[in-house]
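Beneath this line is the structure, given in structure tokens, with notes to follow.
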Amino acid sequence: MKLELNEVNPDYISAPGDTLKEVITSKGLTQNEVAARLGTSPKNLSGLINNKVAITPAMAVKLEYVLGVPATFWNNLMKNYQEFTENHKQDKRNLDQTEWLRNFDYADLAKKNFVPKTRKASEKVKFLLKFFGYSDFEFMQKDLSKDSILAGAYRLTTKQGPINTWSLTAWIQEGDIQAATIQTQDFSKTRLKRAIPEIRSLVSDDDPKMFLPILKKAVSKFRGGISLCSRG
């Protein structure tokens, strides 16, 4: 079953230290008083307020006792802030990777619903990386250089010229994504051998609408043994 998540990316989020400072002020307490009640040093509390020190779960519990604000509030605030900060760091890294877009026909991939439609270069990088399951194109390139199927593609040509290994990778990835949604039985070497003649007979049929349903039904019996569009 495919898991669908709704993604929310706010442009701004309050830093935990800013909220902590506001709560302390609203209570009419000094930072030295709060530090003493927390059992920490004024320097450490200053670090929390200036967002140089993270609010740990242990500190969140202490803040609940001292300030009357639930620990879950501080924990969630810290978690959301850290995620927000890391997402923005990744966005900056994505901007530095827009040169990789020249390897893809993004409009065509979007037309085929491999990736969402967008005109922003940074978003294209983001959607492509998520589609392929990498955080950086350089990491992806290193893996592709080790792939025997793609290595062989360098020696293949079509009427349009040499095969674009990045495009081939996109098709392989989409095949893997779709294959993961197909329910299969446990792998059986015996059943696989029996099905080989049927699978071979489909080679002569050049109409995907005809042979794909039959092929999917045949190979779905062998979980982990065959991949429809990938590395078998």
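Since the model is a prediction, treat every value here as computed from it, not as a measurement. Computed over heavy atoms, backbone and side chain alike; hydrogens, waters and symmetry mates excluded.
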* Show the numbers, then the answer: is there a salt bridge (charged side-chain N to carboxylate O under 4.0 Å, His left out) between Asp108 and Lys112? => CA-CA 6 Å; Asp108 185 59; Lys112 292 180 170 63; 2.7 Å; yes
How long is the straight-line distance from [atom2] of [Y] back to [atom1] of [X], given to the nearest 0.5 Å?
{"X": "Gln82", "Y": "Leu77", "atom1": "CD", "atom2": "CG", "value": "10.0 Å"}
{"X": "Met140", "Y": "Lys142", "atom1": "CE", "atom2": "NZ", "value": "14.5 Å"}
{"X": "Lys126", "Y": "Lys120", "atom1": "NZ", "atom2": "NZ", "value": "10.0 Å"}
{"X": "Asp91", "Y": "Asp96", "atom1": "CG", "atom2": "CG", "value": "11.5 Å"}
{"X": "Ile13", "Y": "Asn87", "atom1": "CD1", "atom2": "CG", "value": "10.0 Å"}
{"X": "Asn51", "Y": "Lys21", "atom1": "CG", "atom2": "NZ", "value": "10.5 Å"}

Can you see which heavy atom on [X] is nearest to which on [Y], and at what distance?
{"X": "Ala35", "Y": "Leu45", "value": "N-CD2, 3.7 Å"}
{"X": "Leu95", "Y": "Ser122", "value": "CD2-CB, 3.5 Å"}
{"X": "Pro16", "Y": "Trp74", "value": "O-CZ3, 4.2 Å"}
{"X": "Met59", "Y": "Asn44", "value": "CE-ND2, 4.1 Å"}
{"X": "Asn75", "Y": "Pro57", "value": "OD1-CA, 3.4 Å"}
{"X": "Phe131", "Y": "Phe114", "value": "CD1-O, 3.3 Å"}

* To do: Please step through side-chain contact (heavy atoms from CB on, under 4.5 Å) for the pair Lys124 and Val115, ending with a clear verdict.
  => CA-CA 8 Å; Lys124 289 180 180 179; Val115 291; over 6 Å; no
* To do: Answer whether the closest heavy-atom distance between the side chains of Leu129 and Asp136 falls below 4.5 Å.
  => no
* Asked: Got Leu109 and Leu128 here, is their nearest side-chain heavy-atom distance under 4.5 Å?
  -> yes
* To do: Under the salt bridge (charged side-chain N to carboxylate O under 4.0 Å, His left out) rule, what do Glu33 and Arg37 come out as? Steps first, then yes or no, please.
  => CA-CA 6 Å; Glu33 289 174 331; Arg37 296 185 185 195; 5.5 Å; no
* Given salt bridge (charged side-chain N to carboxylate O under 4.0 Å, His left out), test Glu86 with Lys89 step by step and report yes or no. => CA-CA 5 Å; Glu86 290 305 316; Lys89 289 180 181 178; 3.4 Å; yes
* Asked: Considering residues at least two apart in sequence or located in another chain, which fulfil the ring-ring contact (aromatic ring centres under 6.0 Å, His included) criterion with Phe104?
  -> Phe132, Phe137, Trp166
Look at the side chain of [X] and the backbone N and O of [Y], then say whether any donor-acceptor pair between them is shorter than 3.5 Å.
{"X": "Asn103", "Y": "Trp100", "value": "yes"}
{"X": "Gln90", "Y": "Ser135", "value": "yes"}
{"X": "Ser46", "Y": "Pro42", "value": "no"}

* Qualifying salt bridge (Lys or Arg N to Asp or Glu O under 4.0 Å) pairs with a residue from residues 40-59, counting only residues at least two apart or across chains -> none
* **Intermediate values then yes/no, side-chain contact (heavy atoms from CB on, under 4.5 Å), Thr19 and Phe73** => CA-CA 11 Å; Thr19 302; Phe73 171 83; 3.9 Å; yes
Donor-acceptor list for residues 60-71 side chains, cut-off 3.5 Å, not counting sequence neighbours:
from, atom 1, to, atom 2, distance (Å)
Glu64, OE1, Ala71, N, 2.8

